[in-house]
Number of protein chains: 2
Amino acid sequence: MSPIPSTTDTLTIREMCEAFAVTPRTLRFYEAKELLFPIRKGTARLFTKQDRARLLLILRGKRFGFSLEDIRQLLDMYDRDGSNEAQLQRTYDLGCDRLAQMEAQRAELDEAIADLKIQLAEGAASLAAFRRAAAE
Amino acid sequence: MSPIPSTTDTLTIREMCEAFAVTPRTLRFYEAKELLFPIRKGTARLFTKQDRARLLLILRGKRFGFSLEDIRQLLDMYDRDGSNEAQLQRTYDLGCDRLAQMEAQRAELDEAIADLKIQLAEGAASLAAFRRAAAE
DNA sequence: AGAGCGCTTGACGTTAACGTAAATGTAACG
DNA sequence: CGTTACATTTACGTTAACGTCAAGCGCTCT
């Protein structure tokens, strides 16, 4: 057999990369940043079902423009909701803060979009004027 | 008189900073990047009406998410042939592209906000359960 | 045993848009 | 003339999220 086709339900780094279209460097980076926790068989990494679930969430978070640090905190919220009350409360508060940031961001984005639309309308008017002049 | 109150219709760097809420560093940086071309009276900078118009466009472009390099190219195009229809069309198209990107970004953001709200609702439920348990 | 992958761990490189510090200049006030 | 208060240039520092070597280990195929 060639490149070790994951015998169990764990994936090698290469399989993981292909499954999620990321580079090995990225996976090692995420591990160093404590976003992923692959099993270490000797020096090699084996990515579990949990790691796959986490990576899915990481990539989604990135598409939304969150920083990896934000994502790490959110992931903590996702898995440790069975801990003690104080911890859960802290996590919940963190999530609320994050939500507020996101809504503020959306407000700014909406404003920028509105402004850009105005600019585009003016541009369209200028273009129309040009064309009327040329059509004379 | 203290800090040279612009005698003509040019502004000193400080006046410019106050007028646009930017730092001196930013203005020098923009000059180095060839986004602004203040008159050099000796070593000092004097910002003309043109510079003010350009800075306004720069700041607006930044709000729309254009990079400084993108903005520089747009400004240069306008300097060379400001009243060229093809040029105006090109700028308009770029604006439309950006608008599409921003709206896509907003859609994703909305989705993320919805997801996070779900997570928070679950967190709130867990907390409530904890408290019901603790209440007895 | 030797060749050749693929994986591993460092560790420095990259990009954007400035921040910040150091050394120096210069204009006006007193 | 000295001090204050800015100004200027030069150049290194910052942050995020990896990219890109470099050098070595561990299997496997032959």
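Keep in mind it's a predicted model, so treat the numbers as computed, not measured. Proteins come first, then strands; the chains are lettered A, B, ... in the order of their sequence lines, and each starts at number 1. Just the heavy atoms: all of them, side chains too, but no hydrogens, waters or symmetry mates, feed the values below.
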Cut-off 3.5 Å, side chains only: do B:Gln119 and B:Asp115 have a donor facing an acceptor?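 No pair is found: no donor N or O on one side chain lies under 3.5 Å from an acceptor on the other.
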Residues A:Glu69 and A:Gln73: side-chain donor-acceptor under 3.5 angstrom: yes
Sorted by number, the residues of residues 29-41 of chain B with heavy-atom contact under 4.0 Å to DNA chain C: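 Going residue by residue through residues 29-41 of chain B, the ones with a heavy atom under 4.0 Å of DNA chain C turn out to be B:Phe29, B:Tyr30.
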Would you indicate what A:Arg28 reaches in the nucleic acid, counting non-hydrogen atoms under 4.0 angstrom: base, sugar-phosphate, or nothing? base
Of A:Leu109, A:Leu116, A:Ile113, which meets side chain to side chain contact (heavy atoms under 4.5 Å, CB included) against B:Glu103?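 Checked A:Leu109, A:Leu116, A:Ile113 against B:Glu103; only one passes side chain to side chain contact (heavy atoms under 4.5 Å, CB included): A:Ile113.
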In this structure, how many angstroms lie between the [atom2] atom of [N] and the [atom1] atom of [X], rounded?
X	N	atom1	atom2	answer
B:Ile13	D:dC6	CD1	C1'	11 Å
B:Ile58	C:dA16	CD1	P	16 Å
A:Leu46	C:dG6	CG	P	18 Å
A:Arg72	D:dA17	CZ	C1'	16 Å
A:Phe66	D:dA17	CZ	P	12 Å

Taking B:Phe64's backbone N and O only, do any of them form a donor-acceptor pair with B:Arg98's side chain (distance below 3.5 Å, no angle check)? yes
Do A:Arg106 side-chain atoms and B:Asp110 backbone N/O form a donor-acceptor pair below 3.5 Å?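 Judged by distance alone, no pair lies under 3.5 Å.
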Output one line per pair: protein atom, nucleotide atom from nucleotides 19-26 of chain C, and distance, for all N/O pairs under 3.5 Å.
residue, atom, partner, partner atom, Å
C:dG19, OP2, B:Thr23, OG1, 2.8
C:dG19, N7, B:Arg25, NE, 3.2
C:dG19, O6, B:Arg25, NH2, 3.3
C:dT20, O4, B:Arg25, NE, 3.0

Using the rule given for side chain to side chain donor-acceptor pair (under 3.5 Å), can you reason through A:Gln89 versus A:Asp93, listing the C-alpha separation, both sets of side-chain angles and the distance that settles it, and then say yes or no? CA-CA 6 Å; A:Gln89 179 69 52; A:Asp93 292 346; 3.0 Å; yes
Are any of the side-chain heavy atoms of A:Leu11 and A:Asp51 separated by less than 4.5 Å? no
Contacts of B:Arg45 and A:Leu68 projected onto DNA chain D by closest heavy atom; the upstream (5') one is B:Arg45
Would you name the heavy atoms of B:Tyr78 and B:Leu88 that are closest together and state the gap between them?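 What the structure gives for the nearest pair is OH-CD1, 3.2 Å.
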Reading DNA chain C from 5' onward, which residue's closest nucleotide shows up sooner: A:Ala44 or B:Ser67? A:Ala44
Need to verify one output field. Residue with the more 5' nearest nucleotide on DNA chain C, A:Arg14 or B:Lys62?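 Between the two, 5'-proximity favours A:Arg14.
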N-O pairing of A:Glu108 and B:Arg63 below 4.0 Å: no
